[in-house]
Amino acid sequence: MINEVAQWASIVVVAVLLLGVLRQVAASAPPPRRRTESGIPVGKTLPSTVISAIANGSELASSGVVAWVTEGCAGCMRMLADLEAAHTIDSVAGEPLVVVARSPSEAFSRSLRETGFRLVEDSSGDLWGEAGITTTPVAMKVDSTGRVTSKAVTIDVASFASS
Amino acid sequence: MSDWALLGSGALALMICLFGLAGLEKGDLLRTRTARWHPILMASPQTRRWANPLVTVSLLLDIAAVTLLLLNPPSGAAISLSLIALYTLAALATSSRDHTQSCRCFYKVMNTRTRTALVFRNVSLIAFLTLIAATKPSLSIVGSFVAIPLGLLLFLSVRFIDIRAAGSTAVPSVRSQEGASL
């Protein structure tokens, strides 16, 4: 009787562990490009603090693409690797590109800078909060006034920028 | 089968699973060409430059460890122990004291964000490997069932220590934002 109960308990534990592993695998897989609720709604303007940060303390000179990334996120790693491999570091599809990294470690910041990305380090997470970013990796197209014209959860920033 | 041999058999099944997951993670890094953005390999410009060869060598060593654990557990335990010691030194050398980034270890199944949890997990794994070397077990179905509570206990302990250690970690200072503009 005890053996039977232990056997069923083991089967339940195996099932839970298997589901856990599958969940991890799914979480590690980069998300396909899809619309997202994360971030300022399309048509709205980014807060002035966010605009100031991505414009390096001044006003936006042109439209551009903002990529929101975190360290260790599989989709972000894929996005950065693809941009690096395609040598589309500071612009994609003719649009200037800025990468906003949330709470980056020293090594992550250095790697982004060494690669040549125009980087905004959001160490406190304030910019993320103000821009309403809750998922990664998010790409956002903004016009020269800071208005969000489109956004998506995607690893393929190049085709997002050219769409 | 004695209690220690049974425990050794469970540890053997657990280590095979963990090294299998580690190999899977490295295979995925190579497939997606993201090795250069792995938290541990970003530690220095040198490791970043040699990220792909380093991951390839590490993957081959993981495969060798799994194969040996299956065919000759004491030899497999010896090579696995050396690998764990090497990975521990590499991870400690590349992480900072306020390290709060995921190490993506074992396909993120046995992940740690703090040095304390990383050391605890790896010392536990070394203890399991020492047990394998001492008891010379073979893989068995009963042992596989022992691996489940063993793995679960390790997973929960690591998570607990990680959360406790992360709670006592100082908040990283705010860095200046420079060099980026649209």
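Residue numbers start from 1 in every chain, and the chains themselves are labelled A, B, ... in the order their sequence lines are given, proteins ahead of strands.
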Give a yes or no on whether [X] and [Y] share a hydrophobic cluster (residues Ile, Leu, Val, Met, Phe, Trp, Tyr; joining criterion: side-chain heavy atoms under 4.5 Å apart).
{"X": "B/Leu18", "Y": "B/Leu70", "value": "yes"}
{"X": "B/Phe155", "Y": "B/Leu12", "value": "yes"}
{"X": "B/Leu153", "Y": "B/Val119", "value": "no"}
{"X": "B/Val146", "Y": "B/Leu156", "value": "yes"}
{"X": "B/Leu131", "Y": "B/Leu139", "value": "yes"}

**Request:** Over 60° means perpendicular and under 30° means parallel, so classify the ring planes of B/Trp37 and A/Phe117, tilted if in between.
**Result:** tilted

| message | Can you confirm whether A/Arg110 sits close enough to B/Pro45 that some side-chain heavy atom of one is under 4.5 Å from a side-chain heavy atom of the other? | response |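 With C-beta onward as the side chain, the pair touches.
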
Roughly how far, to the nearest 0.5 Å, is [atom2] of [Y] from [atom1] of [X]?
{"X": "A/Ser109", "Y": "B/Met42", "atom1": "OG", "atom2": "CE", "value": "9.0 Å"}
{"X": "A/Arg78", "Y": "B/Asp28", "atom1": "CZ", "atom2": "CG", "value": "8.5 Å"}
{"X": "A/Glu84", "Y": "B/Arg36", "atom1": "CD", "atom2": "CZ", "value": "4.0 Å"}

Below 4.5 Å from any heavy atom of chain A, which atoms of B/Arg48 appear? Answer side chain, backbone, both or neither.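 Contact with chain A involves the side chain of B/Arg48 alone.
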
Check your understanding: Looking only at heavy atoms, which two atoms of A/Asp82 and B/Arg33 are closest? And how far apart?
Key ->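 A/Asp82 and B/Arg33 have their closest heavy atoms at OD1-NH2, 3.3 Å.
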
- Query: Can you name the nearest heavy-atom pair linking A/Ala107 to B/Ala43, along with the distance?
  - Reply: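 That would be CB-CA, 4.0 Å.
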
* Side chain, backbone, both or neither of A/Glu95 within contact of chain B (heavy atoms, under 4.5 Å) ->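 Neither part, no heavy atoms under 4.5 Å.
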
- Given that the side chain runs from C-beta out, which part of A/Asp126 has a heavy atom under 4.5 Å from chain B: side chain, backbone, both or neither?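 The answer is neither part of A/Asp126.
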
Quick check on B/Leu71: does its CG atom have over 12 non-hydrogen neighbours (other residues, nucleotides or ligands) under 6.0 Å away?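 For B/Leu71, atom CG is crowded (more than 12 foreign heavy atoms under 6.0 Å).
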
> Is B/Arg113 paired with A/Glu71 through a side-chain N to carboxylate O contact shorter than 4.0 Å?
Replying inline: no

Item to check | Which of A/Cys73, A/Cys76, A/Ala81 touches chain B most, by non-hydrogen pairs under 4.5 Å | outcome: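 Looking at each option in turn, the highest pair count goes to A/Ala81.
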
